[in-house]
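As a basis for the values below, the full set of heavy atoms in this structure was taken, side chains included, without hydrogen atoms, waters or symmetry mates. Numbered from 1 within each chain, the chains take letters A, B, ... in sequence-line order. The shown structure was predicted, so the numbers you read here are calculated from the model rather than taken from an experiment.
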Amino acid sequence: MNAGAWLVGLLRRRPGRLAGSAAGVAVAVALLASIAAFLSGALATMTTAATRQVAVDWQVEAHRGVDPATVLAAVAGAPHVRAALPVDFGATTGLQATTGGTIQTTGSGVAVGVPGGYGAAFPGELRVLAGDAAGVLLAQQTAANLHAGPGDLVSIGRVGLETVSVRVDGVVDLPQADSLFQTVGAPPGSQASAPPDNVILLPAQQWHAIFDPLAASRPDLVQAQVHARLDHQLPRDPSAAFNQVSGAARNLEVALVGGATVGNNLAAALDGARGDSLYAQILFILLGLPGVVLAGLLTATVAATASDRRRREMALMRVRGATVRTMVGLAAAEAAAVALVGGTVGLGAAAIVGRTSFGSATFGASTASGAAWALASVLAGVAIAAWAIVVPARRDARYVTVAAARQPLGRRDRPRWMRGLLDLWLLGASGVIFWLTARAGYKIVLVPEGLPTLSVNYWALTGPLLFWAGCGLLAWRIADALFGPGRRLVAGAAQPVAGNLSGTIAASLSRQRRRLSRPVALVALTVAFAASTAVFNTTYHHQAGVDAVLTNGADVTVSYPGSVGAPGGIATSLAAVAGVRHVEPMAHRFAYVGADLQDLFGVRASTIVAGAKLQDAYFVGGSARRLAGQLARQPDGILVSAETVKDFQLNVGDQLRLRLRDAGTGQLTEVTFHYLGVAKEFPTAPRDSFLVANADYVAARTAGSTSPGTTGAAGGPGAAGGPGAAGVPSTPGATPGTSGGPGTSGTSGDNTFLLDTGSSSPVSVAERVRAQVGAAAVVTDLVTSRRQVGSSLTAVDLSGLTRVELGFALLLAVAATGLVLGLGLNERRRSFAIARALGARPRQVAAFVRVEAGIITVLGLVLGAMAGWGLAQMLVKILTGVFDPAPSGLTVPWGYLVGMAVLAGVAAAAAAEVVVRATRRPVVETIRDL
Amino acid sequence: MTDDPDLVVANDLARTYGRGPTAVVAVHGASCRIRAGQQIALVGPSGSGKSTLLHLLAGIDTPTSGVIRWPGLGGFPARLPAGSVGLVFQGPSLLPDLDIAENVAFPLVLSGQPGSSARAAALATLDQLELGDLAAKVPGEISGGQAQRVAVARALVARPRLILADEPTGQLDHASAATVIALLISQARELNAGLLVTTHDPLVADQLETQWQMVDGRPTVGADAVAR
């Protein structure tokens with residue numbers, strides 16, 4: 001028989017079998033290709049996000065003695081460079097301004113010489129807050145320290161030279177100050193912890209006029225750089241983009257023969273993105289691959305539902321002289337047709353899904369990888385079709401005799417894996433791998449020392465995959481045990497539906513347990529996949545939100561420099577801004593813990609938990625509410641970081657003496673606290689170490705002899721020893737007594753205000769607040785901060801992937817229950833027809849169907865939910881690196897999970913009812929047809 | 001159930017499969033009556049409509065036209081009490097996922113008996129038919145002849161008043177066939193049940209009191225139609 005005639009015959013006589021198998025292959029191909037589309041979109045997004053956040057791609061620093069003009073020419077002529085401008089840095093001994101009859105002086109600082117057009121060439125570097133965009137510009141914090149603005153005169157101190165006065169044209173914010181003032185060429189770990197507080201920007205010509213004399217006498221205090229903007233037409237894959245940009249920088253350094261060092265800000269940003277891109281690929285492996293495996297299992301199960309009939313067909317062909325080779329060839333033709341149809345439909349579906357969910361209809365980061373992914377997806381479909389159709393056909397053709405097609409039921413040996421306890425071995429191996437991964441600190445993406453490449457610890461990924469497979473087999477074993485030795489339980493469960501038939505039904509199920517345990521395992525695997533994916537994704541989204549809130553502090557945060565303090569009544573006026581629902585004031589100061597300078601947050605214990613939306617996960621040793629309650633009861637209580645507890649061997653109740661700047665004297669004064677607990681995270685706080693105490697207590701202990709209302713001066717970075725020009729904590733930069741203008745905020749020295757905007761847009765509210773507070777304060781909003789400071793992974797919109805994964809998971813769950821159950825029951829219509837012929841009423845036959853469907857579905861859902869919970873725990877732990885901050889628990893999407901269970905139940909019920917209806921066909925007709 | 005000696009009465013039955021030019025008329029103008037204690041062989045070549053008529057008399061198929069009643073079984077016009085008709089099929093008909101005892105007990109359970117008493121009755125029937133050794137086996141583990149004897153046991157367990165057997169020996173060797181037919185006859189006699197056996201084997205037919213011949217889709221006795 002030729003393959004064409006065979007396929008035509010199948011299409012005519014067995015369209016359901018072909019369609020079911022092709023649908024299974026289509027689901028697998030679509031899922032695989034859809035996730036490839038996500039990866040494609042995600043990688044491109046990561047590269048774009050990483051490059052977008054860089055204001056200056058290269059800061060090329062000329063070595064001493066090298067002519068900056070040579071460096072400028074070399075940079076401007078380098079490939080991919082679109083703009084190159086010279087920038088000079090000079091150290092000042094301090095800045096001084098006379099405003100409102102008082103003299104304000106800062107500590108040491110930096111004067112930056114920028115050429116005309118710098119702001120246009122590097123728009124992300126400067127943000128004008130007041131006055132002009134060109135001319136002499138003061139950094140926002142410096143302007144606040146000096147109480148200076150456009151039109152004011154500022155004196156610039158120079159080592160060994162006279163001060164020079166310049167007139168301020170504008171006030172600017174330096175959003176990328178960290179990289180602007182980096183030590184070019186220094187290893188990442190040795191970079192200054194913070195940029196200088198006192199910065200003035202001068203036109204290049206003016207800078208040279210002022211600092212060339214200094215360069216002559218103290219060349220160590222000036223530095224020449226060339227800032228460059230590169231062509232951002234980079235490869236979509238962050239790793240490839242990183243390699244290209246790094247290679248170009250090295251090429252430039254070689255061309256300059258060691259005359260300059262490239263501060264490669266673009267490569268640094270892409271370096272972070274390539275690590276995140278590996279995490280994206282890991283997400284694909286852990287969240288996508290099981291779905292493909294499930295689709296394959298479903299296809300095989302669909303194909304296997306008619307295996308008895310297929311065996312009979314094969315037996316008939318053998319009787320008529322067909323060889324094994326002929327029969328395998330026909331099966332291969334069937335598999336090829338299934339793979340072709342399924343692959344085409346799957347790729348089409350994936351393209352639509354990619355276009356609608358990820359904005360990309362291609363399947364890879366580049367044309368080549370797109371073609372590779374599409375091919376890989378189709379090959380996976382071919383493999384599934386071959387596994388589901390050709391392999392069983394070959395086995396039957398070679399080993400099954402015609403007589404053996406009538407297999408006895410119920411006395412088959414337990415599967416070999418069950419006898420060998422494979423499920424328990426898998427779970428044990430998973431546990432060991434998980435333990436080893438935990439011991440290694442959940443490091444999945446590895447950065448080998450001294451190597452430019454990153455690698456993935458794929459070994460650790462096998463933990464959850466083995467757990468998943470082990471749970472599936474364990475579900476099979478449990479179902480087998482329940483249907484077998486536990487048949488009394490099944491009979492009890494069936495009693496309400498089946499009455500006196502329950503024992504007979506339990507006996508029937510007991511003898512079919514080898515066949516029935518498989519769908520239970522399939523349903524459990526599907527539910528575990530769907531549940532763990534849903535929990536993981538929800539937890540990820542939740543933590544991304546937490547991260548943004550922690551970074552920005554609130555929907556909108558208003559920060560006044562500590563040396564200035566907030567004007568009186570500002571909290572009230574902020575609360576009156578349209579869209580503001582609540583204002584939570586805090587006093588941000590600095591305190592010495594031993595020799596270590598740490599951020600100190602003075603809070604109102606009674607309102608801070610709700611006002612700042614504090615979570616329990618931020619604290620150790622008690623819930624947020626409990627620790628806030630303790631703070632309220634104990635005015636001198638203080639929460640410290642885990643690092644401080646470790647460094648100083650603190651126990652709860654221990655006394656802690658800190659040195660804070662006294663508002664009246666400007667001198668450091670000792671204040672006593674008592675240690676209450678550990679704070680791991682706090683809104684706007686740095687990650688390493690900080691302190692949280694009662695604002696009123698801190699203010700009272702540092703109020704000194706000044707009149708009330710001037711405490712805002714006490715602890716600003718400039719006043720309490722914030723980083724100086726060199727980025728190292730230094731002696732206080734502000735001269736005592738120069739700070740604290742009239743009308744500062746209040747007795748608690750509030751200078752940071754966390755604004756809850758409710759349902760209003762944080763961006764819009766921030767705009768309104770900016771209009772109100774002017775340049776005196778920094779106003780940040782949640783949306784912008786999230787875009788600026790989030791990792792490139794959090795920049796990737798996972799909602800598309802979530803929709804696709806959850807959609808496929810739902811589809812698989814419904815198919816696993818409805819399709820498999822329906823097809824399995826359908827194959828037993830003859831038994832049901834005989835039962836009817838023996839006098840069974842329709843409701844009695846229906847009881848057989850409903851009990852079987854109900855038990856398989858409920859058992860699969862329960863076991864799957866348990867496995868899904870465990871798997872989600874494992875995934876969240878192993879992928880800790882994806883989360884920022886790490887979650888303290890799982891965020892469970894109850895709506896989705898309940899919806900999935902209901903849909904699976906409905907699918908199972910619908911399948912059962914279809915079969916029940918089929919059993920109502922005339923008995924004789926059914927027996928004759930089958 | 002009543003004491004009416006007419007267990008089943010059929011008038012002018014017809015059964016046509018399909019429609020149009022491809023329609024197959026299996027039974028046409030069939031009228032017959034089976035009384036308690038009557039033992040009938042319905043003979044005829046393959047395709048003559050024997051099985052169709054038996055299915056109609058068993059109530060598991062619906063006539064295209066004509067009227068059928070079961071006055072002696074209390075089932076009128078359609079639904080028969082479970083267990084009132086003992087049915088033996090032509091091919092394998094045991095439920096593969098129940099053991100032999102459960103298969104035999106099945107009609108009793110369907111009629112509402114508790115499982116334990118149904119099983120006891122099934123075991124008794126199996127013992128009576130010398131099949132007790134097979135009680136714990138499943139259908140796949142016994143031979144075709146044993147399976148057919150179990151099917152007879154299942155047909156008899158509810159002590160039916162009408163026993164209908166469709167080619168019960170069609171797939172059996174002579175010895176097994178003889179055993180099965182002997183069983184049916186003796187049990188029907190013991191229960192005073194009406195017995196109709198379809199067969200194309202004259203040796204089987206000769207063992208029964210009456211022979212009906214299927215001619216032109218209707219049962220006849222010699223050259224005459226079966227009396228109404």
Side-chain angles (χ1 to χ4, degrees), chain A residues 308 403-412 483 487-488 491 494-495 498-516 824-825 827-845 847-848 852 921-930, chain B residues 15 17 26 51-52 54-56 58-62 75 79-99 101-119 136-142 144 151 154-155 157-158 160 164 166:
Chain A
D308 288 344
R406 268 188 73 234
Q407 283 194 339
L409 186 92
R411 295 293 166 89
R412 294 173 195 173
F483 286 128
R487 63 192 262 191
R488 282 181 188 281
Q495 181 72 29
N500 75 320
L501 263 179
S502 58
T504 306
I505 292 176
S508 168
L509 296 181
S510 162
R511 300 214 176 71
Q512 299 176 74
R513 61 183 185 273
R514 302 280 179 265
R515 185 180 67 74
L516 299 179
L825 287 166
E827 286 300 308
R828 290 170 47 228
R829 277 178 296 155
R830 189 171 199 277
S831 291
F832 298 140
I834 290 170
R836 283 201 57 202
L838 294 175
R841 313 229 173 228
R843 65 174 172 77
Q844 290 177 311
V845 176
F848 271 86
E852 183 175 325
R921 281 182 64 205
V923 171
V924 174
E925 213 173 292
T926 305
I927 293 175
R928 183 174 293 150
D929 285 352
L930 300 170
Chain B
R15 180 66 169 100
Y17 294 106
S51 294
T52 303
L54 182 138
H55 292 151
L56 292 170
I60 61 172
D61 199 1
T62 310
R79 190 66 220 171
L80 295 169
S84 58
V85 177
L87 195 56
V88 181
F89 291 94
Q90 187 172 359
S93 65
L94 299 181
L95 298 174
D97 39 8
L98 294 180
D99 69 18
E102 288 159 350
N103 258 289
V104 174
F106 193 52
L108 296 176
V109 176
L110 290 175
S111 69
Q113 274 199 35
S116 52
S117 65
R119 186 173 181 84
K137 292 183 183 295
V138 291
E141 295 172 326
I142 62 176
R154 184 177 64 186
V157 71
L164 301 172
D166 186 13

Could you please spell out the steps behind the side chain to side chain contact (heavy atoms under 4.5 Å, CB included) verdict for A/Leu501 and B/Phe106?
CA-CA 9 Å; A/Leu501 263 179; B/Phe106 193 52; 4.1 Å; yes
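Put simply, CG on B/Leu108 and CG on A/Leu838 are 11.0 Å apart, with the number rounded to the nearest 0.5 Å. With values rounded to the nearest 0.5 angstrom, B/Leu98 atom CG is found 6.5 Å from A/Arg511 atom CZ.
At least one donor-acceptor pair under 3.5 Å links the side chain of A/Gln844 to the backbone N or O of B/Leu110.
Closest approach of A/Arg830 to B/Pro92, counting heavy atoms only: NH1-O, 3.1 Å. A/Asn500 and B/Pro114 get closest at one heavy-atom pair: ND2-N, 4.5 Å.
Identified under the salt bridge (Lys or Arg N to Asp or Glu O under 4.0 Å) test for residues 82-93 of chain B, with sequence neighbours left out: none.
Evaluation of the salt bridge (Lys or Arg N to Asp or Glu O under 4.0 Å) rule for B/Arg154 yields no partner, not counting sequence neighbours.
Neither the backbone nor the side chain of A/Ala833 comes within less than 4.5 Å of any heavy atom in chain B.
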